[in-house]
Asker: 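Structure in structure tokens, see below.
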Amino acid sequence: MADTKREIERKYESDESGLPDLTGVAGVATVVDKGVAELDAVYYDTPDERLAAAAITLRRRTGGSDAGWHLKLPVSAGVRDEIRAPLSDTLPDELAGLVRSRVRGVELVPLVRLLSTRDVSDLRDADGTLLAEVSVDAVVAERLTEDGRTAQWSEIEVELADDGDPAFLDKVDKKLRKSGVRPSDSPSKLARALRETAPRKGKKKDRKKAEAAAPGKPVTPGDHVLAYIRVQRDAIVELDPAVRRDVFDSVHSMRVATRRLRSTFKSYGKVLDRTVTDPIGEELKWLAGELGVDRDQEVLTERLTEALDALPESLVTGPVHARLRAWSQKDGHTGPRRELIDALDGPRYLALLTSLDAVLANPPLLVAAEGDAEKVITKAVRKDIGKVAALVEEALAQPAGTDRDLAMHEARKKTKRTRYAAEAARPLLGKPAKALVKDMKSLQTLLGDHQDSVMAREALRDLAHQAHAAPGESAFTYGVLYGREERRAELAEEALPSTWAKIRDGLPF
């Protein structure tokens, strides 16, 4: 079983003089010598170094107190999550899954070997509490591929103690700089090793290849649409490990990225050939469904729980809290999650990622993709606005009831689509697109609250039927909650005409 550790550290260049005296750092009472460890780490990556390009490191290390497999995922500058698994001959399945969206079906191979002699010291306060671990590492790097070279250097690494104050690292940094130690220009040992051990004859060629592959500044309509698609594709790939680790809000964020892609393909169907993108859109819909199995239930349960907690005790009759908990877990919390991980491990998901790569590498551009950028993008956004307007007007014309509920739901979906179209247009159209994003988000919130009320009332009817069927159990509280949800829907319906009129009259397009 793998475990995760948040790693907050800074690296410094070092000569052979060792560690400067750090007893003068504010808060440090003692510097405790922990001895020297010999570390042997082999780093794995694809032959084209996909993990390194994403600042991800995967290694198998022996020696020291934490021998095993280590996967480091970037969080922010100087901050990484290190997922550790026990030492084994082959890569553990859990870690393999966390890099699958990057490597796809490409084999992971030993790329670099680092031999480090690590002299470790603890920085402790007057109570003996660990503040940070400081090490002086003498490193020898060996490229394990053909024509690879070797390199060696010395560095100082300062790693904050668990639950430590990151501001403490600033104090250590100040002391080290005064001692003549300079920050490293490499974010990790692996990054430096790859740079300094690369085959000489391939450096220039690889650099030119990378420059040629890098997207330029958007100019044409196609450039702008593809730039937005690239951001969403990257979001899915980057969120994949977080979803597998059940990181807060990661499932929702990935689901939003799939929706943005589907909407973009539809909104900009005059730019990208929909005979190519529509099948991809169907696969994105499938993925969103897999991501939503747990999410929809969680959101609805949270809404009902908050509403129940807001009721006076006198209005709560019977085991309502217990029934709601049982209802929220009726499919089993671990079941849908296991199905989601299976989906991410399956060939259908990897094929979807590959198809998104193909759209970016060989875009199915139509004639309009090379036209006047402002004209083409504006026309697409206006078309979506027109669809929203028609659906809102249809909803307003319907009497209260199921038909209006359905119309408002359809308007909500088109509002989202228009919002995403405006997001894609924002780098080109600027403030008008920004204003439209804000307007559509406001309308989406109103329509979304109405739809959530519709779903909540369906759930409450189900719960009331269950309670009614149970001997001696009252369905009274569910009726109270139903009435309150009905009122929330009425308020949304009452607010819609004025909200829409304000948005319609101020539309920037």
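These figures come from a predicted structure and were not determined experimentally. Just so it is clear, the values below take in all heavy atoms, side chains as well, and ignore hydrogens, waters and symmetry mates.
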Asker: Hey, does L308 have a side-chain heavy atom less than 4.5 Å from the side chain of L304?
Answerer: no
Asker: For the CG atom on D93, are there more than 12 heavy atoms of other groups (residues, nucleotides or ligands in this structure) within a distance under 6.0 Å?
Answerer: no
Asker: May I ask you to decide whether K5 forms a salt bridge with D3, counting only side-chain N to carboxylate O separations under 4.0 Å?
Answerer: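 Salt bridge between K5 and D3, a charged N being under 4.0 Å from a carboxylate O: no.
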Asker: So does G97 get a backbone contact from the side chain of R244, meaning a donor-acceptor N/O pair under 3.5 Å?
Answerer: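 Between the backbone of G97 and the side chain of R244 there is a qualifying donor-acceptor contact (under 3.5 Å).
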Asker: So do the side chains of P319 and E473 get within less than 4.5 Å of each other, counting heavy atoms only?
Answerer: yes
Asker: I'd like to know if R80 pairs up with E82 as an ion pair, taking the criterion as any Lys NZ or Arg NE/NH1/NH2 lying under 4.0 Å from an Asp or Glu carboxylate oxygen.
Answerer: no
Asker: Calculate, to the nearest 0.5 Å, the distance between atoms CG and CG belonging to L291 and L340 respectively.
Answerer: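 Between atom CG of L291 and atom CG of L340 there are 5.5 Å.
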Asker: Which heavy atom in Q232 sits nearest to a heavy atom in L261, and how many Å separate them?
Answerer: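 Closest heavy-atom pair between Q232 and L261: CB-CG, 3.5 Å.
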Asker: Is the backbone N or O of V237 less than 3.5 Å from a side-chain atom of S101, with the two atoms forming a donor-acceptor pair by type?
Answerer: yes
Asker: Are the side chain of S267 and the backbone N or O of T264 linked by a donor-acceptor pair below 3.5 Å?
Answerer: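 Not confirmed, S267 side chain does not pair with T264 backbone.
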Asker: Look at the side chain of T258 and the backbone N and O of R255, then say whether any donor-acceptor pair between them is shorter than 3.5 Å.
Answerer: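 Checked: pair present.
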Asker: Any Lys/Arg nitrogen of D234 or R230 sitting under 4.0 Å from an Asp/Glu carboxylate oxygen of the other?
Answerer: no
Asker: Please step through side-chain contact (heavy atoms from CB on, under 4.5 Å) for the pair I385 and L436, ending with a clear verdict.
Answerer: CA-CA 9 Å; I385 292 173; L436 182 59; 3.7 Å; yes
Asker: Tell me, do R303 and S453 make a side-chain contact under 4.5 Å, heavy atoms counted?
Answerer: yes
Asker: Quick check: do L190 and K72 have side-chain heavy atoms less than 4.5 Å from each other?
Answerer: no
Asker: Under 3.5 Å, is there a donor-acceptor pair linking the side chains of D405 and T402?
Answerer: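 On atom types as modelled, these side chains do not qualify, holding no pair under 3.5 Å.
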Asker: Could you go through M455 and D296, starting from their C-alpha distance and side-chain angles, then the distance that decides it, and tell me whether this counts as side-chain contact (heavy atoms from CB on, under 4.5 Å)?
Answerer: CA-CA 10 Å; M455 299 303 295; D296 290 343; over 6 Å; no
Asker: Donor-acceptor pair, D223 side chain versus T220 backbone, under 3.5 Å?
Answerer: yes
Asker: What is the minimum heavy-atom distance between L496 and L443, and which atoms define it?
Answerer: CD1-CD1, 3.8 Å
Asker: Between L300 and A456, what is the shortest heavy-atom contact and its length?
Answerer: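 Nearest heavy atoms, L300 then A456: CD1-CA, 3.6 Å.
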Asker: Side-chain contact, heavy-atom cut-off 4.5 Å: T477 with L315?
Answerer: no
Asker: Rounded to the nearest 0.5 Å, what separates atom CZ in R259 from atom CG in L284?
Answerer: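 Reported value, rounded in 0.5 Å steps: 12.0 Å.
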Asker: Quick test of your reading of the model: are R419 and D384 salt-bridged, counting only N-O distances below 4.0 Å?
Answerer: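 Salt bridge between R419 and D384, a charged N being under 4.0 Å from a carboxylate O: no.
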Asker: So, do Y349 and L287 sit near enough that their side-chain heavy atoms are less than 4.5 Å apart?
Answerer: yes
Asker: Flag the pair D462 and R323 as a salt bridge only when some basic side-chain nitrogen lies within less than 4.0 angstrom of an acidic carboxylate oxygen.
Answerer: no
Asker: Yes or no on salt bridge (charged side-chain N to carboxylate O under 4.0 Å, His left out) for R100 and D240, after CA distance, side-chain angles and deciding distance?
Answerer: CA-CA 9 Å; R100 185 166 285 115; D240 179 291; over 6 Å; no
Asker: Is there a donor-acceptor pair closer than 3.5 Å between any side-chain N or O of S355 and the backbone N or O of L352?
Answerer: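 Answer holds: yes.
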Asker: Please round to the nearest 0.5 Å and tell me the distance separating atom CG of D439 and atom CZ of F509.
Answerer: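 Those atoms lie 10.5 Å apart.
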Asker: Please set out all donor-acceptor pairs under 3.5 angstrom arising from side-chain atoms of residues 420-428, sequence neighbours excluded.
Answerer:
| residue | atom | partner | partner atom | Å |
| --- | --- | --- | --- | --- |
| E423 | OE1 | Y228 | OH | 2.5 |
| E423 | OE1 | R260 | NE | 2.9 |
| E423 | OE2 | R260 | NH2 | 3.2 |

Asker: Quick one: does any side-chain atom of S328 pair with a main-chain N or O of Q297 as donor and acceptor, under 3.5 Å?
Answerer: no
Asker: Are side-chain heavy atoms of Q398 and M408 found at a separation under 4.5 Å?
Answerer: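 Side-chain contact under 4.5 Å: no.
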Asker: If you count heavy atoms of other groups shown closer than 6.0 angstrom to NE2 of H321, is the number above 12?
Answerer: yes
Asker: Applying side chain to side chain contact (heavy atoms under 4.5 Å, CB included), name anything that partners K11, two or more places apart in sequence or on another chain.
Answerer: E9, E155, E157, S184, K189
Asker: Atom CZ in R102, atom CG in D45: separation rounded to 0.5 Å?
Answerer: 11.0 Å
Asker: Please report the interatomic distance CD(E485) to CZ(R461), rounded to the nearest 0.5 Å.
Answerer: 11.5 Å
Asker: Over all heavy atoms of both residues, which pair between P363 and L226 is shortest? Give the atoms and the distance, please.
Answerer: CG-CD1, 3.5 Å
Asker: Could you check R104 against D357 for side-chain contact (heavy atoms from CB on, under 4.5 Å), going step by step and ending with a plain yes or no?
Answerer: CA-CA 12 Å; R104 313 292 169 81; D357 292 345; 2.7 Å; yes
Asker: Ion pair present between D372 and K379, side-chain N to carboxylate O less than 4.0 angstrom?
Answerer: no
Asker: Could you grab the distance from atom CD of E283 to atom CG of L356, nearest 0.5 Å is fine?
Answerer: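 Result: 10.0 Å between the selected atoms.
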Asker: Take a 6.0 Å sphere around CD of E374 and say whether it holds more than 12 heavy atoms from other residues, nucleotides or ligands.
Answerer: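 Atom CD in E374 is not packed in, count stays at 12 or less.
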Asker: Any Lys/Arg nitrogen of E494 or R487 sitting under 4.0 Å from an Asp/Glu carboxylate oxygen of the other?
Answerer: yes
Asker: Are more than 12 heavy atoms from other residues, nucleotides or ligands located less than 6.0 Å from atom NZ of K387?
Answerer: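 For K387, atom NZ is crowded (more than 12 foreign heavy atoms under 6.0 Å).
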Asker: Give me the one residue out of K414, Q444, E393 that meets side chain to side chain contact (heavy atoms under 4.5 Å, CB included) with V388.
Answerer: K414
Asker: Got a donor-acceptor contact below 3.5 angstrom from the S250 side chain to the L239 backbone?
Answerer: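 No; zero donor-acceptor contacts below 3.5 Å.
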Asker: Taking 4.0 angstrom as the limit, do R488 and D449 come out as a salt bridge?
Answerer: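 Yes, this pair counts.
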Asker: Answer whether the closest heavy-atom distance between the side chains of V320 and L463 falls below 4.5 Å.
Answerer: no
Asker: Which atoms form the tightest heavy-atom contact between T277 and R274, and what is the distance?
Answerer: OG1-CA, 3.2 Å
Asker: Where do V359 and R233 land on the side-chain contact (heavy atoms from CB on, under 4.5 Å) test, with the steps shown first?
Answerer: CA-CA 10 Å; V359 166; R233 187 279 312 269; over 6 Å; no
Asker: Identify the two heavy atoms, one from E290 and one from E339, that lie closest to each other, and give their separation to 0.1 Å.
Answerer: OE1-O, 4.1 Å
Asker: Residues in ring-ring contact (aromatic ring centres under 6.0 Å, His included) with W69, at least two apart?
Answerer: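 Scan of W69 (ring-ring contact (aromatic ring centres under 6.0 Å, His included), adjacent residues dropped) gives Y44.
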Asker: Tell me if a side-chain donor or acceptor on S442 pairs with a main-chain N or O of K438 at a distance below 3.5 Å.
Answerer: no
Asker: Apply salt bridge (charged side-chain N to carboxylate O under 4.0 Å, His left out) to D170 and R10, showing your working.
Answerer: CA-CA 10 Å; D170 294 333; R10 298 186 188 182; 2.6 Å; yes
Asker: Does S188 reach the main-chain N or O of A191 with its side chain, forming a donor-acceptor pair under 3.5 Å?
Answerer: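 Answer holds: yes.
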Asker: Would you check if there is a donor-acceptor pair between the side chains of Y43 and R59 at a distance under 3.5 Å?
Answerer: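 Their side chains do contain a donor-acceptor pair, which is all the 3.5 Å distance test asks for.
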